[in-house]
Amino acid sequence: MKIAFIGTGVMGAPMARHLAAAGHAVTVYNRTRAKAAATGLAVADTPAAAADGADAVVACVGNDADLEQVTLGRDGAFAAMRNDAVFVDHTTVSAALAERLAQARALVVDAPVSGGQAGAEAGKLAIMCGGTPAAIAAAQPVMQVYAARIVHVGAAGAGQRTKMVNQICIAGVLQGLSEAVRFAQKANLDMDKVLEAISGGAAQSWQMVNRWPTMTRGEFDFGFAIDWMRKDLGLALAEASAVGATLPLTALVDQFYAEVQAMGGGRQDTSALVRRMGK
């Protein structure tokens, strides 16, 4: 396939490389051209130039404004795409924008991902997809290259709403894990032994297995940035208001993350939530 990949940050770059390694002809675009060039792939000057003649256009950018710009804006991809080309969006954005893009074209999939930078690099992302069956079928050959799990969760916008569920769950787990780590340290327990003891039972989670050791050591310069988590939680809180759901814990953890941002931790991994609890 001829594929355009828009957005070559910590997530997009390895995904684009996986597509090229699988034999697809990939052209990339990034607002910062040096990041696009660093992929070693063909670089386009605009999203439209990248999308011209492509069988599939994939986006993994920052937020609603970024996605709107690269799709519907001046030199955006949508104006240059073939009618039978599929658009796959891996950005976490509002469900309203996902629905708007699906109204603009026949084959659009809102496909936010979970698994972070490590998942992107390993080609083992979990992808939650919203769109029509035809759009999902057209996107499948692209997504399967870097996914461990692909689930069609519903119509346009359902993928983004499912990603909100994902982030709500992570926020609550990380707050509990932060409290547990600090409690264990204050109680002078052997942190490695505690992890060994509890990670095989009901308390076990991906966050525990992968973040307990680094939280214990105070290492946070990796992973999914708090700045992006706050963006995602903001989307979830806004959507909750729109649908009449209440998210008291999510709102509280969002404010805790604001405290860590104020401490200079905005670019640190979400597990840096533990920093606000002292040492």
Side-chain angles (χ1 to χ4, degrees), residues 3-16 19 26-33 35-36 39 43-52 54 56-81 85-114 116-117 120 125 127-132 135-136 138-139 142-143 146 153-164 166-167 224-225 227-239 242:
I3 299 174
F5 205 106
I6 300 171
T8 54
V10 296
M11 297 291 288
M15 295 159 76
L19 288 168
V26 182
T27 299
V28 299
Y29 168 80
N30 195 79
R31 185 168 49 192
T32 303
R33 187 180 177 89
K35 289 186 178 181
T39 64
V43 178
D45 292 328
T46 66
D52 187 23
V57 178
V58 185
C60 189
V61 292
N63 54 35
D64 279 45
D66 295 331
L67 182 61
E68 187 169 7
Q69 179 63 37
V70 301
T71 54
L72 303 173
R74 182 180 178 182
D75 295 323
F78 276 21
M81 289 176 66
V86 63
F87 178 72
V88 184
D89 175 37
H90 293 310
T91 316
T92 298
V93 294
S94 67
L97 180 55
E99 291 167 345
R100 181 181 169 197
L101 296 181
Q103 290 168 359
R105 291 190 56 84
L107 299 176
V108 172
V109 180
D110 54 291
V113 302
S114 183
Q117 183 178 352
L125 291 167
I127 308 180
M128 47 217 86
C129 304
T132 65
I136 302 299
V142 175
M143 298 187 296
Y146 42 75
V153 294
Q160 294 298 344
R161 293 184 178 96
T162 301
K163 179 61 182 287
M164 295 171 197
N166 187 80
Q167 303 304 70
F224 188 66
D227 287 343
W228 293 117
M229 183 60 155
R230 286 213 70 208
K231 183 263 291 185
D232 291 358
L233 294 181
L235 292 170
L237 290 165
E239 188 70 15

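We number each residue from 1, following the sequence as shown.
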Checklist entry - Do the charged groups of Lys163 and Glu239 touch, with an N to O distance under 4.0 Å? => result no
Checklist entry - How about Leu19 and Val142: do any of their side-chain heavy atoms sit closer than 4.5 Å? => result yes
Checklist entry - Within a strict 4.5 Å, meaning less than it, do heavy atoms of the Leu125 and Met143 side chains meet? => result no
Next on the checklist: As a test of understanding, state which of Leu72, Asp89, Ile6 forms a side-chain contact (heavy atoms from CB on, under 4.5 Å) with Leu67.
Outcome noted: Asp89
Item to check | Heavy-atom pair of closest approach, residues Ala50 and Ala44 | outcome: N-CB, 3.5 Å
Next on the checklist: I'd like to check Thr92 versus Gln160 (side-chain heavy atoms, cut-off strictly below 4.5 Å). Are they in contact?
Outcome noted: yes
Checklist entry - So how far is it from Thr8 OG1 to Arg31 CZ, rounded to the nearest 0.5 Å? => result 11.0 Å
Checklist outcome for this item: Looking only at heavy atoms, the pair that brings Val57 and Ala51 closest together is CG2-CB, 3.7 Å
Checklist entry - Taking all atoms of both residues into account, what is the closest heavy-atom pair of Asp232 and Phe224, and its distance? => result OD2-CZ, 3.4 Å
Checklist entry - What is the distance from atom CZ of Phe5 to atom CE of Met15, rounded to the nearest 0.5 Å? => result 4.5 Å
Next on the checklist: Is the shortest side-chain heavy-atom distance between Gln69 and Val61 below 4.5 Å?
Outcome noted: no
Item to check | Thr132 OG1 to Leu107 CG distance, which is reported to the nearest 0.5 Å | outcome: 6.0 Å
Item to check | 4.5 Å side-chain heavy-atom contact, Leu235 and Asp64 | outcome: yes
Next on the checklist: Return the CE to OG distance between Met164 and Ser94, rounded to the nearest 0.5 Å.
Outcome noted: 6.5 Å
Item to check | Whether Lys35 side chain and Ala13 backbone form a donor-acceptor pair below 3.5 Å | outcome: no
Checklist entry - In Å and rounded to the nearest 0.5 Å, what is the CG to CG distance from Leu97 to Asn63? => result 10.0 Å
Checklist entry - Could you give the distance from CG (Asp110) to NE2 (His90), rounded to the nearest 0.5 Å? => result 11.0 Å
Checklist outcome for this item: For Thr91 and Pro112 the tightest heavy-atom approach is O-CB, 4.2 Å
Checklist entry - Less than 4.5 Å apart, any side-chain heavy atom of Ile127 and any of Tyr146? => result yes
Item to check | Closest contact, heavy atoms only, Gln117 versus Val10 | outcome: CG-O, 3.9 Å
Checklist entry - Looking only at heavy atoms, what is the nearest atom pair of Glu99 and Ala156, with distance? => result CG-O, 3.5 Å
Checklist entry - Is any side-chain heavy atom of Leu101 closer than 4.5 Å to a side-chain heavy atom of Thr71? => result yes
